[in-house]
*Asks:* 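Okay, here's the structure, questions in a sec.
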Amino acid sequence: MKIAVLTSGGDAPGMNAAIRGVVRTALSYGMEAYAVHDGYKGLYEGKIDLMKRNDVGQILNRGGTILGSSRLPEFKQKEVRAKCIENLKALGIDALVTIGGDGTYRGAMDLSAEGMPCIALPGTIDNDIASTEYTIGFFTALETAVDALDKLRDTSFSHKRCTVVEVMGRYCGDLAIYAGIACGAEIVITRDTGFNKEDIFRQVQHAKEIGKRHLVIVVAEHITDVQKLAEEIQANSPYEARASVLGYIQRGGDPCAFDRILASKMGSYAVELIRNGIGGQAIYCKSLEVGHCPINEALGKDNVPSDLYRYLSRLN
Ligand code: F6P
């Protein structure tokens, strides 16, 4: 069999680990693996190369995507997708693994329906793919946001300020709420919490009343202009306020261990599906939920060996 892999949409730390997982697993099964450069745009332009084992060496721990990425609005057009399928079929490619966010998923769904079986891997810092609990890149971006928030907290404390910080996430509030919890933010504002200025002013006032020296507010992108919000907080509360937008720094950096593992596993798993003739599927992971059980039950069970053992030999 011949399979191809591409990364599309906003890059995310761990995409390289996923590419490696796909290529190495495919080769371990005796398949040919092809790289599509620059996402769907490169697919349309026929930028497709055969990959060897060493082409994915030294990338497991690297941020970004060695394949390049792009956004291609024209991919919504059937003729554009037909050309992409033609390019893949001309090389005898049987299936395509796409790594990206919701736009990439829509493309993969259409390609699958039109004759090129695709497996979609969730690669986005936004964590906004409903089927999976975590996307590749989310935890690394979270670490980056947390690191930045910790630094902002230091100066916020020193100057007794109200610090307003915008984090990415497109229309999903996960980065904001996870970072907010991890950093002890006083207020988190996302689509899910709603945005009510009077309520925010009241909460800031309350922080003063209970003796808070300073406070941190985390705001998900696309909610409001954080610069303006900081000015309004300053005008309506006892705190001096400052705003920061974390921006694209959240997309970069070496993937954390969790993202490397998740991406490796998902890449490998995608190839196994293809090998079994399965296409048109999205890979997910579940679940880190917190629950409870009687203590004797907790002690009475043997640890279940990690399912990672079964992937190890395919990734080397
Ligand atoms: O999807 C990842 C993301 O970084 C979002 O958080 C953000 O809204 C968007 O991409 C920015 O996209 P672009 O790279 O096209 O400016």
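Worth knowing before you read on, the calculation uses all heavy atoms, side chains too, and leaves out hydrogens, waters and symmetry mates. Whatever order the structure lists ligands and atoms in, that order sets their numbers, starting from 1.
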*Asks:* Can you report which non-hydrogen protein atom sits closest to atom 9 (C) of ligand 1, along with the distance?
*Replies:*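 Looking at atom 9 (C) of ligand 1, the protein heavy atom closest to it is Arg170 NH2, 3.6 Å.
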*Asks:* Starting from atom 7 (C) of ligand 1, which protein heavy atom do you reach first, and at what distance in Å?
*Replies:*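 Its nearest protein heavy-atom neighbour is Glu221 OE2, 3.3 Å.
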*Asks:* How about Arg81 and Tyr40: does a side-chain donor come under 3.5 Å of a side-chain acceptor?
*Replies:*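 Side chains of Arg81 and Tyr40: no pair found under 3.5 Å.
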*Asks:* Is the Phe138 to Tyr178 ring centre distance short of 6.0 Å?
*Replies:*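 Yes; Tyr178 has its ring centre under 6.0 Å from that of Phe138.
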*Asks:* Using a 4.0 Å cutoff against the non-hydrogen atoms of Tyr248, which atoms of ligand 1 qualify?
*Replies:*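 It comes down to these atoms of ligand 1: 11 (C), 13 (P), 14 (O), 16 (O).
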*Asks:* Show the atoms of ligand 1 that are less than 4.0 angstrom away from any heavy atom in Met168.
*Replies:*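 Numbered from 1, ligand 1 contributes 4 (O), 6 (O).
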*Asks:* Please determine whether any non-hydrogen atom of Gly101 lies less than 4.0 Å from an atom of ligand 1.
*Replies:*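 Contact absent.
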*Asks:* Is there a side-chain contact between Thr163 and Ile217 in this structure, where contact means two heavy atoms from C-beta onward sitting under 4.5 Å apart?
*Replies:*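 Of all side-chain heavy-atom pairs linking Ile217 with Thr163, none is under 4.5 Å.
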*Asks:* Indicate whether any N or O donor in one side chain lies under 3.5 Å from an N or O acceptor in the other, for Tyr248 and Gln250.
*Replies:*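 Absent: no donor and acceptor within the cut-off.
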*Asks:* What's the shortest distance from atom 4 (O) of ligand 1 to any protein heavy atom, and which residue and atom give it?
*Replies:*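 Answer, as residue, atom name and distance: Arg251 NH1, 2.8 Å.
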*Asks:* Classify the side-chain pair Asp259/Thr140 by whether it contains a donor and acceptor separated by less than 3.5 Å.
*Replies:*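 There is such a pair between these side chains.
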*Asks:* Is ligand 1 under 4.0 Å from a heavy atom in the side chain of Gln250, in the backbone, in both, or in neither?
*Replies:*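 Contact part for Gln250 vs ligand 1: neither.
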*Asks:* To the nearest 0.5 Å, tell me how far Thr7 OG1 sits from Asp38 CG.
*Replies:*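 Answer rounded to 0.5 Å: 8.0 Å.
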*Asks:* Which of the atoms of ligand 1 are close to Arg71, meaning less than 4.0 Å from one of its heavy atoms?
*Replies:*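 Contacts of ligand 1 toward Arg71, numbered from 1: 9 (C), 10 (O), 11 (C), 12 (O), 13 (P), 14 (O), 15 (O).
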*Asks:* Return yes if a side-chain donor-acceptor contact under 3.5 Å exists between Ser156 and Arg161, otherwise no.
*Replies:*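 The criterion, which ignores hydrogens and geometry beyond distance, is not satisfied for Arg161 and Ser156.
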*Asks:* List the closest protein heavy-atom neighbour of atom 2 (C) of ligand 1: residue, atom name, distance to the nearest 0.1 Å.
*Replies:*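 Going by distance alone, atom 2 (C) of ligand 1 is nearest to Asp126 OD2, 3.2 Å.
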